[in-house]
**Q** 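Below is a structure I'd like to ask you about.
Here the structure is a predicted model, which is why all the values come from computation and not from measurement. To find a chain, count down the sequence lines: A is the first, B the second, and so on, and within it residues start at 1.
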Amino acid sequence: MNIISEVGINSYLWLAAILFSIGVMGVLFRRNAIIILMCIELMLNAVNILFVAFSVMHNNPAGQIMVFFIMAVAAAEVAVGLAILILMYRNMGSVDIDTMKKLKW
Amino acid sequence: MSVIAFYILTVLCIFSALMVVFSKKPVHSVLYTIFCFFNIAGHFLLLNAQFLAIVHIIVYAGAIMVLFLFTIMFLNLNAEVEPHKSNLLKVAAVVCGGLLLLILVSCLKGAENIPVNPMLDTQMGMVKNLGMVLYNEYMLPFEMLSILFLSAMVGAVLLGKKETK
C-alpha cells in the first residue's frame, strides 16, 4: 500500500508549506546569522520533501536525483556561509546581522 | 500504521522547526534542527526513498549540523547576546510568515482531488536504481557538482584563513 494514496498528496503539500513558512518566519524573526542559515536549511528541506513525494507519486526517479543535488548545493552553501560568518565575527565581534549595515548608505 | 507514523513524524517535524526559531540559545536551535532532519529522513523512509533517507542523515545531521555546532562552539556564541528586537518587529515577522502560509495554502486548494496511482514501485528509491539514473542521465551535472565543491572548498579556506600582513 502506498503512503501517498493513504494520506493523500495534499498532506505532503501542507507539510511542505508549513515548514517553508516557518523557515521564512525564522529568517525575519531572528538576528543571529547562524540561526538564519539554519532557517534557510529548513526551507530547502521543505522543498526536498515535496520533491520526493512527487517523485514517488509519478514513479519518476528524477525528483530524487534532484534532491541529491539540492543536498550537495546546500552543503557547499553552508561551508561558504559559515566561513563568511567567521570572517564577520573576526572583523565586527558579533554575528548580529544588524551590525552589517555598512553597505546601506 | 504508516498513516499514524506519518502524523507523528509531521507533528514532531513542525514542533522542532518552531523550536529552531524560538529557542533562546543557538546550540538548542542546532539540536532541534538535527531532530527535525531526522524526522524528515523518517518521511523519506515512509516514501520508500531509502537511499535519500540515509544520505540525508549522513550529510545533514552528520556533516552540515556538525559544522554549525563547531562554528558556534569555536566562536563561543552560545550565550544569548543578541539584543532583543522590538516586539513590533517580532509580530511583523510572525504575521509575514502566516500570510505566506495563507497564500501557499490557498494556491494548494484542490490538490486533494489529484488522483494517485496506488501501485508503488518499491525499488525506485534504492541505491541501484538511483545510481543507474544518476550515472546515465545526470552524469554531467554530477561532475559539475564536484567542481562546485572544489570552488566552495577553496572559497571557505580562503575566507577562513587568517590574514598575514
**Q** Could you give the distance from CD1 (A:Ile22) to CD1 (B:Ile14), rounded to the nearest 0.5 Å?
**A** 6.0 Å
**Q** Considering only heavy atoms, which portion of A:Asn60 lies under 4.5 Å from any heavy atom of chain B: side chain, backbone, both, or neither?
**A** backbone
**Q** Does any backbone or side-chain atom of A:Ala74 lie under 4.5 Å from a heavy atom of chain B? Answer side chain, backbone, both or neither.
**A** both
**Q** Give the intermediate values and the outcome of ring-ring contact (aromatic ring centres under 6.0 Å, His included) for residues B:Phe6 and A:Tyr12.
**A** CA-CA 10 Å; B:Phe6 172 83; A:Tyr12 281 101; 4.9 Å; yes
**Q** Name the region of B:Leu108, side chain, backbone, both or neither, that has any atom closer than 4.5 Å to a heavy atom of chain A.
**A** side chain
**Q** Which bit of B:Val157 is near chain A, if near means a heavy-atom gap under 4.5 Å: side chain, backbone, both or neither?
**A** neither
**Q** Between B:Phe51 and A:Phe68, what is the ring plane arrangement, given parallel below 30°, perpendicular above 60°, and tilted in between?
**A** tilted
**Q** Would you say A:Met66 has more than 12 foreign heavy atoms packed within less than 6.0 Å of its CE?
**A** no
**Q** For B:Phe142 and A:Phe69, take the angle between the two ring planes, folded into 0 to 90°, and tell me which bin it lands in: parallel under 30, tilted 30 to 60, perpendicular over 60.
**A** tilted
**Q** Checking heavy atoms, do the side chain of A:Val24, its backbone, both or neither come under 4.5 Å from chain B?
**A** side chain
**Q** Any chance you could measure B:Ile34, atom CD1, to A:Met38, atom CE, to the nearest 0.5 Å?
**A** 9.5 Å
**Q** Relative to chain B, which segment of A:Leu37 carries a heavy atom at a distance below 4.5 Å: side chain, backbone, both, or neither?
**A** both
